[in-house]
Amino acid sequence: MEVDDEIIKPKVDGEEKDNRKPLVVILVGAPGSGKSTFCDHVMRVSTRPWVRVCQDTIGNGKAGTKAQCLAISSTSLKDGKSILIDRCNLDKEQRADFIKLKESYQVDVHAVVLDLPAKLCISRCVNRTGHEGNLQGGKAAAVVNRMLQKKELPKLSEGFTRITFCQNENDVQEAINTYGALSSSDVLPSGIFGEKKKDTKVQLGIMKFLKRVDAPTKVASDKTIPEPSNETTKESHHVNECQEQSGTNTLDTVPTLAFPSISTADFQFNIEKASEIIVETVEEFVNKIGNGRLVLVDLSHGSKILSLVKSKAAKKNIDPTKFFTFVGDITKLRSGGGLHCNVIANAANWRLKPGGGGVNAAIFDAAGQDLDTATKKRAGSLAPGKAIAVPLPSTSPLFSKEGVTHVIHVLGPNMNPKRPNCLKDDYNTGCKVLREAYSSLFENFASIVRTQVKSSDHEFSNGDQKVRREDGAHVNEKNKKFKGFIEVPESNNPYSVDGKQDATSSGKTGGSVNKDWGSWAQALHKIAMHPEKHQNGVIEILDDVVVLNDVYPKAQKHLLVVARAEGLDRLADVTQEHLPILRTMHDVGVKWARTFLEENQSLVFRLGYHSAPSMRQLHLHVISQDFDSKHLKNKKHWNSFNSPFFRDSVDVIQEISEEGKPTINDDEKFMSMELRCNRCKSAHPNIPKLKSHITICKSPFPANLLENERLLKKVDNAC
DNA sequence: GTTCTAGAAC
DNA sequence: GTTCTAGAAC
């Protein structure tokens with residue numbers, strides 16, 4: 001909450017009573033968010049007469065109906081008492097009837113949103129005993145999750161005069177202080193309070209899960225575009241907003257086009273005219289790009305084009321969450337500015353050639369040879385006013401480092417006599433061509449959004465942004481990181497084939513790059529090389545693979561199918577030449593899964609690889625989806641099998657055959673993702689709670705797992 | 001990969 | 001007080 005939360009003391013001119021107007025405060029929050037506590041605290045300290053209207057207790061101490069709540073509310077307001085509506089009120093419809101009290105009794109209606117992390121709410125519900133709502137124990141998580149999925153944050157347009165958002169316990173305490181200090185005649189300022197904090201310590205996954213609408217959206221829905229209050233922070237409002245939306249990570253599903261101002265640099269197009277055209281074209285397209293966003297990017301903080309565009313966009317009331325300006329290097333938006341833009345526009349030259357300086361040189365430079373090659377495949381030249389979208393190959397650093405999937409080349413009109421096709425001062429043609437260029441650019445982007453939407457719900461079910469093709473960059477990072485690992489002398493490993501590993505791992509000289517395994521990580525490698533010497537756990541020895549029971553199974557059935565090829569340490573080492581061995585591993589895994597299914601038809605199996613295994617030697621996990629095991633002890637155990645870190649064998653094989661290498665999701669963030677049930681996707685505060693939930697959860701598996709034979713179940717009519 | 005354990009969280 | 005997590009050591 002901000003400093004402007006001050007209570008306005010109305011003037012008291014002898015007739016103080018006239019100013020006494022009751023107030024309706026609608027609390028909004030999941031079970032466990034602290035609504036009842038909020039009421040208790042406010043009522044304990046307040047001098048204003050309050051009535052708490054609690055649906056959980058309204059029926060003689062037992063749960064009642066919404067109608068009863070409304071009846072008590074009316075009587076209390078008639079008596080001149082203010083009311084606290086203590087029920088979840090999570091969606092607009094639930095709140096509507098209480099907001100109507102505004103007209104009937106001429107009162108102000110406020111909302112206090114207890115928007116605390118799901119994890120915290122669940123944890124409180126699970127722990128409390130004897131709560132009035134009787135929502136305790138194991139069911140709590142499921143209920144809270146279900147309710148939060150329906151959550152719709154309140155807006156002023158619903159009829160509220162004031163909305164206070166609380167995202168953490170400090171916010172809640174401040175809101176308690178504010179309302180607790182409210183005497184009968186005090187009035188609070190209207191508007192929205194409690195902007196989302198930049199450093200709110202909420203897990204990213206939870207943020208995503210809460211589907212939080214950003215504070216500026218709320219404001220924008222009722223007011224005009226918020227203007228930055230001081231000159232030095234001109235861009236910061238937008239910068240922060242973007243960082244939060246993208247979370248400086250790849251878990252960002254909002255398709256975003258970053259584009260430079262076309263023609264205003266080297267082509268010397270008039271900036272005033274250009275800004276007009278940008279804003280008009282944006283206005284035309286902003287509603288045609290689905291949930292996509294458009295971002296005008298410029299390198300310099302003092303950019304005139306950005307400030308002109310910004311003020312014109314504000315005047316036109318263009319939604320600031322759909323279109324905004326950003327200061328930064330267009331080739332480093334994610335890594336340097338925390339803004340993930342899956343598509344960037346290039347102010348290209350007519351030959352679509354790299355070099356030449358400016359944005360064009362920077363983009364071609366950052367994207368590497370791949371962009372040049374991909375561009376040439378599409379077109380040899382570009383006419384002024386036209387744009388062409390080029391999908392960026394996964395091998396491009398711009399793809400792996402910045403998450404850019406497409407570059408759209410645009411050619412604007414040229415007003416510079418030193419450059420080709422100069423229009424001299426013909427701004428009639430110039431404006432037409434520039435408008436055409438932006439239209440073509442946005443049209444191309446809209447088309448990318450449409451196709452990406454169609455194919456995107458195949459991923460991890462909570463809607464995480466596809467985290468594809470980070471392999472190159474990450475593997476390199478990893479190698480750097482692990483360089484400090486203690487090298488294990490071959491003499492310590494009685495089963496190794498001396499001297500061969502270094503040469504075979506990647507064919508490079510210089511040793512240490514490949515020696516990134518600790519001594520404890522060699523067990524599988526030893527077994528793969530000499531399975532006959534390790535009979536413990538080994539259940540099948542074939543020419544290409546060894547099958548063994550995992551020593552620390554994380555489920556009722558948990559096998560490892562280990563490749564026997566020397567130098568094939570992990571998924572990152574896999575190339576097209578390994579397709580046969582991967583298929584063998586898969587087939588052997590499936591065979592064993594079917595064997596177990598014969599014994600126990602209730603099992604469900606999943607086959608896959610860890611993106612970054614702890615044990616050396618490529619191994620396929622064949623694991624039953626009950627995760628019923630005393631060895632499953634921590635978050636990493638869970639997330640290594642239940643996040644994008646786990647790569648399904650079928651997908652790995654498909655990716656290698658189609659693209660030559662598999663996607664590797666080895667980012668640490670997958671290990672710290674919140675704990676979610678692998679069936680119903682409900683969130684749980686800790687491992688014990690998750691484990692007790694999964695023993696009872698009977699929900700079907702998420703749709704993405706049911707596709708493409710990612711799960712193996714008992715087939716009734718097997719021929 | 002696991003075990004151990006300090007200390008955070010409850 | 002107990003439970004749980006997370007980092008270091010192996």
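Per chain, numbering begins at 1; letters A, B, ... match sequence-line order. Since the structure is predicted, the reported quantities are computational estimates derived from the model, not experimental observations.
Closest to the side chain of W520(A), from the set dC10(C), dT5(C), dT2(B), is dC10(C). The listed nucleotides are dT5(C), dG1(B), dT3(B); the one nearest the side chain of H621(A) is dG1(B). Set against dA6(C), dG1(B), dC4(C), the side chain of P613(A) has dG1(B) as its closest nucleotide. Here the nucleotide nearest the side chain of H610(A), chosen from dT3(B), dG1(B), dT5(C), is dG1(B).
Rounded to an integer number of Å, the gap from D550(A) CG to dG1(B) C1' is 9 Å. In this structure, CD of Q522(A) is placed 14 Å from P of dG1(B), rounded to the nearest angstrom. As a whole-Å value, the separation of Y552(A) OH from dT3(B) C1' is 9 Å. Going from atom NE2 of H684(A) over to atom P of dA9(B) covers 22 Å, rounded to whole Å. Here dG7(B) presents its P atom at 21 Å from CG of N686(A), a figure rounded to the nearest Å. Atom CG in N634(A) sits about 12 Å away from atom C1' in dG7(C), given to the nearest Å. dT5(C) atom C1' lies 18 Å from atom CH2 of W638(A), rounded to whole Å. Counting to the nearest Å, the C1' atom of dT5(C) and the CD atom of E674(A) are 16 Å from each other.
For the ring pair (Phe, Tyr, Trp, His ring centres under 6.0 Å) criterion with F645(A), the lone passing option out of H637(A), H621(A), H610(A) is H610(A). For the pairing with F646(A), the ring pair (Phe, Tyr, Trp, His ring centres under 6.0 Å) check across Y609(A), F670(A), F641(A) returns one residue only, F641(A). Results of the side-chain contact (heavy atoms from CB on, under 4.5 Å) test with L560(A) over Q617(A), H619(A), M615(A) single out H619(A) as the only residue that passes.
Counting non-hydrogen atoms under 4.0 angstrom, K636(A) reaches nothing in the nucleic acid. Among the protein residues, L524(A) comes within range of no part of the nucleic acid, since none of its heavy atoms lies under 4.0 Å from any strand.
No side-chain donor from either of H693(A) and T695(A) sits under 3.5 Å from a side-chain acceptor of the other.
In E540(A), the CD atom is crowded: over 12 heavy atoms of neighbouring residues, nucleotides or ligands sit closer than 6.0 Å.
OP1 or OP2 of dT2(B) has at least one side-chain nitrogen or oxygen of H637(A) nearer than 4.0 Å. The side chain of K633(A) contributes no N or O atom lying less than 4.0 Å from OP1 or OP2 of dT3(C).
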